[in-house]
2 protein chains.
Amino acid sequence: MQSYLTNHIEKFVELSEADIELIGKVVTVKSVKKKTFLLQADQVCRELYFVSKGCLRLYFINKKLNEQITQFAIENWWMSDHGSLESGKPSSYYIQTVEDSEVISISKAKLEELFEKVPRLERYFRIVQQRAFTASQKRIEYIYSMSDEERYRHFSSLFPDFIQRIPQYMLASYLGFTPQFMSKIRAKKV
Amino acid sequence: MQSYLTNHIEKFVELSEADIELIGKVVTVKSVKKKTFLLQADQVCRELYFVSKGCLRLYFINKKLNEQITQFAIENWWMSDHGSLESGKPSSYYIQTVEDSEVISISKAKLEELFEKVPRLERYFRIVQQRAFTASQKRIEYIYSMSDEERYRHFSSLFPDFIQRIPQYMLASYLGFTPQFMSKIRAKKV
DNA sequence: GGTATTTCTTAATCTTGATTCATTTTTCGG
DNA sequence: CCGAAAAATGAATCAAGATTAAGAAATACC
């Protein structure tokens, strides 16, 4: 039985019917209401989440006790705390739905088993991981080459649809500035 | 014949003698003098570099015409412009040796072939890529949760040996502030 | 449909780190 | 070992964005 997930995987590697069966057996599809936590700080992260519908955010609480968002995941993106996943240590992050969402999850343990049975998945995850890394590097490049205002305008022009989906204060957090500053910028552009 | 590279790979996956042979055939080991460019902006990046000895930096020229370093690679780290590597488009980055170094390089094309012959390497690169991504995410977390001064002190305490190896202005660039500001911080701490 | 909670906006003041420019110290090639 | 270039320091002024403190506008909930 095909799923959003196996569909996505097949954009990168071929899967047999048997592979799809095996994958189907170890993943869990969940409908999750807005503002539900999939991971909370101090818990060990044991799963990877694939968004088939909706939007997740990854954030931590900084020293000033504000939420600092470091990632969003929308349709066809994975989200997890790989640090906690690998080390087995408690996470310092929260993963929460921003909208009512549909999430496909797989435990780290099951995924390891799955790699033995469907080695092609190593390739899929290598490619996905590489893209994530490239995106993350690009983000660091932007942080260091644009002012906050420029970064806001750049992000808005790249993802006009996305910024409609999320509250502005979340975008401000993701871009690393205050909601007040964001209002200021938006007021300018008339 | 074992190399620094196959040694490193074997920390993550098992290799047969035949695998090691195959890998040895497609990589090139080079001794590279300090300040040599392995990649320059406007060139298409076609290779991945593994540092067996020495240190590389990845940087671009920002709007103010300053060098902005986004990554260092020391022993046992890979460096490349994955963006350019994947897209085939010219890079906007420079990769340069910071010290006299020994670099093992493999072309993207050869690596693709190698994945067919030694599928276990997919796993190795998946793991390596995942670590790189985690490190990159961690870096973004630090950028958004510490002031420049805090980040400098944090970095210094984490990598006291490394900061001895590189000029201070390179560290300032990597941390995203000016050499003048770095002097100021260092002068404080007496 | 009205109240409570979230989200967004405005404005004054304050801080961190940039900029500019000059000087000193270190490193390196010949 | 010397001169030139590279790297580090210092101090004065400046700017981007934070902070604080209201209030206004949306949204959600009962």
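Nothing here was measured: the structure is a model prediction, and the numbers come from that model. Each chain gets a letter, A, B and so on, in the order its sequence line appears, and its residues count up from 1.
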J.: Please pick, from D:dG17, D:dA8, C:dT10, the nucleotide with the shortest atom-to-atom distance to any side-chain atom of A:F181.
T.: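 In terms of side-chain proximity for A:F181, the closest of D:dG17, D:dA8, C:dT10 is D:dG17.
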
J.: Just N and O in the side chain of A:R186: are any of them under 4.0 Å from OP1 or OP2 of C:dC8?
T.: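 Checking C:dC8 against A:R186, no side-chain N or O comes under 4.0 Å of OP1 or OP2.
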
J.: Expressed as a whole number of angstroms, how long is the span from A:K35:NZ to D:dT27:P?
T.: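 Atom NZ in A:K35 sits about 13 Å away from atom P in D:dT27.
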
J.: Rounded to whole Å, how long is the line connecting atom CE of B:M170 with atom C1' of D:dA8?
T.: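 After rounding, the reported distance stands at 14 Å.
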
J.: To the nearest angstrom, how far is A:Y144 atom OH from D:dA16 atom P?
T.: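 Rounding to the nearest Å, OH of A:Y144 and P of D:dA16 are 20 Å apart.
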
J.: Nearest to the side chain of B:A187 - C:dT10, D:dG10, D:dA6?
T.: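 Taking heavy atoms from C-beta onward, the closest nucleotide is D:dG10.
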
J.: Separation of B:Y169 atom OH from C:dT19 atom C1', in whole Å?
T.: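 My rounded result for the distance is 20 Å.
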
J.: Contact class for B:S147 (heavy atom, under 4.0 Å): base, sugar-phosphate, or nothing?
T.: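 The residue B:S147 makes sugar-phosphate contact but no base contact.
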
J.: Taking only the side-chain nitrogens and oxygens of A:Q168, find out if one of them lies under 4.0 Å from OP1 or OP2 of C:dT9.
T.: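 Checking A:Q168 against C:dT9: at least one side-chain N or O falls below 4.0 Å of OP1 or OP2.
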
J.: Let me know the distance between CG of B:N66 and P of C:dT19, rounded to the nearest Å.
T.: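 In whole Å, C:dT19 P lies 7 Å from B:N66 CG.
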
J.: Just to verify, which of A:Y174, A:W77, A:Y59 counts as forming a ring pair (Phe, Tyr, Trp, His ring centres under 6.0 Å) with A:F72?
T.: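 Single pass found, and it is A:Y174.
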
J.: From the list D:dA18, C:dT19, D:dA8, which nucleotide is the closest neighbour of the side chain of B:S183?
T.: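 My answer, after comparing the listed nucleotides, is D:dA8.
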
J.: Output the rounded distance in Å from NZ (A:K188) to P (D:dA16).
T.: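 Roughly 8 Å, once rounded to whole Å.
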
J.: Taking the six-membered ring for Trp, are A:F115 and A:F125 ring centroids under 6.0 Å apart?
T.: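 Ring centroids of A:F115 and A:F125 are less than 6.0 Å from each other.
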
J.: For B:F177 and D:dA15, give me the distance from atom CZ to atom P, rounded to whole Å.
T.: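 Atom CZ in B:F177 sits about 22 Å away from atom P in D:dA15.
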
J.: Using the side-chain heavy atoms of A:P179, tell me which of these nucleotides is nearest: C:dT7, C:dT20, C:dT9.
T.: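 Minimum distance to the A:P179 side chain belongs to C:dT9.
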
J.: Report yes if the side chains of B:Y152 and B:R186 come closer than 4.5 Å at any heavy-atom pair, otherwise no.
T.: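 Sidechains of B:R186 and B:Y152: in contact.
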
J.: Taking the side chain as C-beta and beyond, is there a heavy-atom pair between A:I74 and A:R165 under 4.5 Å?
T.: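 Yes, their side chains come closer than 4.5 Å.
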
J.: For B:E67 and B:Y94, does a side-chain donor sit closer than 3.5 Å to a side-chain acceptor?
T.: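 Note: B:E67 and B:Y94 side chains miss the donor-acceptor criterion.
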
J.: To the nearest Å, how far apart are A:K184 NZ and C:dC8 C1'?
T.: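 Taking atom C1' of C:dC8 as the reference, NZ of A:K184 is at 15 Å.
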
J.: So, does B:K34 get its side chain near the phosphate of C:dC28, meaning an N or O under 4.0 Å from OP1 or OP2?
T.: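 Affirmative; the distance criterion is met.
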
